[in-house]
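This report concerns only the one structure given below.
Both backbone and side-chain heavy atoms feed into the values below; hydrogens, waters and symmetry mates do not.
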Amino acid sequence: MTGKHKWWANGISPARQAALNVSGMNILLIGATGKLGSAVHSALTARGHKILTVGRTAGDLRHDVADPEQVTALYEAARAATGGLDAVVSAAGDVPYKPVTQMTPDDYLAAFRGKALSQIELVRQGIPHLAERGSFTLITGVLVNDPIPTGSAASMANGAVESFVRAAAIEIAPQRINAVSPTIFTESVPEYGDFFPGVRPVDLTDVAQAYVRSVEGSHTGRIFELS
């Protein structure tokens, strides 16, 4: 049997096999009921994936991922519900917004726990629960490179997430890890547009497609920036 014939075993080409491998994934989606989470849920569901939603007060599973013990319980519940996960997707993170002169050490710790450590813990604890070639997709944001007044905690937390993604990617292969880094959502301009003068907003549907690209693609250690 030639090399080509080995690759085309059972009449399936490599490209077709790759397509088969990304259809109908079991995906754990954290923050599924927020603006971003809802858009990501719609995009992934439309692609034929099975979504298990997670939130603190709503969703299929109710857990606060800022608490490492609840992350442990979350993965146990997800395994019982799905039998195995192909992807973990995060669309949630909390940080305080205050001028630097009003920030306290506890504020920065809260930002780190709410946006960085919570997602890091999803990856650290999730590795043994994820398929061999499964993926993690985390959320950061434009404030890493384009800070705003009162946003120092968000910039710090987002930067930590992005650095972690790049570092973890070289250790967890063949599992993959990426992050999505959007600017302000078009849908949020009425509430928050004044904080981002002159910044071009991005539609939630476009941000959701970056998640699709991360989940179904081959990239790892990548920050998908949308601005």
Between the CG atom in Asn178 and the NE2 atom in His219, the distance rounded to the nearest 0.5 Å is 8.0 Å

Residue pairs involving residues 91-108 (criterion salt bridge (charged side-chain N to carboxylate O under 4.0 Å, His left out); sequence neighbours excluded): Arg56-Asp94, Lys98-Asp107

List the atom of Tyr211, the atom of Val40, and the distance in Å for their closest heavy-atom pair. CD1-CG2, 3.5 Å

Selection residues 187-208 - residue pairs positive for salt bridge (charged side-chain N to carboxylate O under 4.0 Å, His left out), sequence neighbours left out: Lys35-Glu191

Tell me the side-chain hydrogen bond (donor to acceptor under 3.5 Å, both in side chains) pairs involving residues 69-79, sequence neighbours left out? Thr72-Gln125

Interatomic spacing from CD1 in Ile139 to CD1 in Ile30 - rounded to 0.5 Å: 12.5 Å

Phe136 and side chain to side chain contact (heavy atoms under 4.5 Å, CB included): which partner among Ile127, Leu122, Val89? Ile127

Please list, chain by chain and in numerical order, all residues satisfying ring pair (Phe, Tyr, Trp, His ring centres under 6.0 Å) with Phe196, sequence neighbours excluded. none

Working to the nearest 0.5 angstrom, can you tell me the gap between Met156 CE and Lys115 NZ? 10.5 Å

By ring pair (Phe, Tyr, Trp, His ring centres under 6.0 Å), Tyr108 pairs with (sequence neighbours left out) none

Within the 4.5 Å heavy-atom criterion, are Val207 and Val180 side-chain neighbours or not? yes

Of all the heavy-atom pairs spanning Ser155 and Pro147, show the shortest one and how long it is. OG-CB, 3.8 Å

Close side-chain approach of Arg47 to Met25, heavy-atom, < 4.5 Å: no

When every non-hydrogen atom of Ala116 is compared with those of Ala157, the smallest separation belongs to CB-O, 3.9 Å

Any donor-acceptor N/O pair, Gln175 side chain to Ala131 backbone, under 3.5 Å: yes

Here the gap from Gln119 atom CD to Ser90 atom OG, rounded to the nearest 0.5 Å, amounts to 3.5 Å

Between Ser227 and Thr183, is there a side-chain donor-acceptor contact under 3.5 Å, judged purely by atom types and distance? no

Can you measure from CD1 (Ile184) to CG (Leu226) and round to the nearest 0.5 angstrom? 14.0 Å

Where is the tightest heavy-atom contact between Gln209 and Ala43, given as atom of each residue plus distance? NE2-CB, 3.9 Å

Side-chain donor-acceptor contact under 3.5 Å, Thr82 with Asn26: no

Contacts table for residues 161-173: side-chain donor-acceptor under 3.5 angstrom, sequence neighbours left out:
residue	atom	partner	partner atom	Å
Glu162	OE2	Thr140	OG1	2.9
Ser163	OG	Gly159	O	3.2

Heavy-atom closest contact (Ala111 atom, Ala153 atom, distance): CB-CB, 3.6 Å

A side-chain contact here means heavy atoms from C-beta on lying under 4.5 Å apart; do Ile27 and Lys50 qualify? no

Rounded at 0.5 Å granularity, tell me how far CG in Leu28 sits from CG in Asp86. 11.5 Å

For Met103 and Ser152, the nearest pair of non-hydrogen atoms, with its separation, is CG-OG, 4.4 Å

Does the side chain of Asp60 pick up a donor-acceptor pair with the side chain of Thr53 at under 3.5 Å? yes

